[in-house]
Amino acid sequence: MRIAPPLEIGPLAPAAQDAVRALAAAAERADGVAPLSEQPLLRLDADADWLTHVVAHDKHGAAIGYLQVDRGGEHASAELVVHPDRRRNGTGSILLRTAERDARLPSRSGAPDQRAKPLRVWAHGDLPAARAFATARGYAVVRELLLLARPLDGVPSVPEPPAGYTVRTFVPGADDEAWVALNARAFASHPEQGRLTLSDLRRRQGEPWFDPAGLFLLTDATGRLVAYHWTKVEPGQPDGAVVDGEVYALGIDPEAQGRGLAGPLTAVGLAHLAAVGCTRAVLYVDGDNERAVRTYERAGFERAAIDVQYARM
Ligand SMILES: CC(C)(COP(=O)(O)OP(=O)(O)OC[C@H]1O[C@@H](n2cnc3c(N)ncnc32)[C@H](O)[C@@H]1OP(=O)(O)O)[C@@H](O)C(=O)NCCC(=O)NCCS
């Protein structure tokens, strides 16, 4: 007989955050792909009325499953994981049902005229278990996020900035507000990236990988910020292995789009990643963002993996 695990709902105490990180690491070792993406992991300590944390425990109090629901965007977005040794016991189903109920809550408590949001659930790597689980519950793929990659040998070491523009690196404190505004304009229609706030930026600045020397800003002749290319290199990657550097985000002000800035700005970041010792560049892009996919394919990237979002049909 299946016994439903007790659920703990609410902000996570530091010990619970550590337990969720350990659970995610165990799933990553077993599945070969991280079950939670960066933003949910960075938000384990966050307490907001549009954000829900749910931990499933076994009878000894060990964390065996975790769900995070973000009701801040256009859709309610969930990520969930069950410990690899505790699967096929109904825990994922209970977490998914909890996510479905949570998505019906307003994004701000007490605010009038709020509609329930359709729920979307991420499956990183679109593993067979996630596919079977989602299909069994009437969910189908509604969005694809591609991981593209290219080797970094042979990239020009001193790329030319686009004519009429200057490239400089980010100055923490001085550029924060201007960067957040530019990012919001560049990603106005992007469900996650366009919502980054000053405190999201500051959280990232506090991460061990943050390096202002890898965040390139493009300014026009008047000194105005028109585009950026943010690269990311996780420290502590194994010696002698492929060392990945990420095109973390590349955003161009809508007014400056269509001027051929993306190619040269991509090259600036790739030269940096090669110079700091990365052997492979990777990036995430929405499968239906044809212009971006084309830009990256022209820059030598090819598809390496896929994350998908499921919604109930
Ligand atoms: C996907 C995941 C959350 C499922 O958790 P779980 O606790 O094993 O799920 P449940 O026990 O509630 O499974 C419910 C049903 O889903 C289907 N299912 C789940 N895993 C399956 C698998 N490996 N193969 C075939 N069917 C599977 C079955 O129909 C199952 O019912 P059954 O056990 O009665 O046959 C878990 O495998 C996981 O954490 N994967 C990594 C993270 C991830 O991909 N998350 C995204 C989920 S969309």
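All values below were derived from every heavy atom in this structure, side-chain atoms included, with hydrogens, water molecules and symmetry-related copies excluded. Whatever order the structure lists ligands and atoms in, that order sets their numbers, starting from 1.
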Residues which pass side-chain hydrogen bond (donor to acceptor under 3.5 Å, both in side chains) with Asp102, listed by chain and number, not counting sequence neighbours: Thr52, Arg71
Suppose the criterion is salt bridge (Lys or Arg N to Asp or Glu O under 4.0 Å): which pairs have a residue in residues 3-24, not counting sequence neighbours? Asp18-Arg21
Do we see a donor-acceptor contact under 3.5 Å between the side chains of Thr219 and Arg168? no
Assess, by modelled atom type and distance only, whether the side chains of Tyr66 and His53 contain a donor and an acceptor separated by less than 3.5 Å. yes
Answer yes when Glu207 and Lys232 have at least one side-chain N-carboxylate O distance shorter than 4.0 Å, and no when they do not. no
Give me each pair satisfying side-chain hydrogen bond (donor to acceptor under 3.5 Å, both in side chains) with a member in residues 193-203, each pair once, sequence neighbours excluded. Asp45-Arg203, Asp70-Arg195, Asp176-Arg202, Asn183-Gln193, Gln193-Tyr228, Thr197-Ser199, Thr197-Asp200
What residues sit with at least one heavy atom under 4.0 Å from ligand 1? Arg2, Asp31, Pro35, Leu80, Val81, Val82, Arg87, Arg88, Asn89, Gly90, Thr91, Gly92, Ser93, Val121, Trp122, Ala123, Ala129, Ala130, Ala132, Phe133, Ala136, Arg137
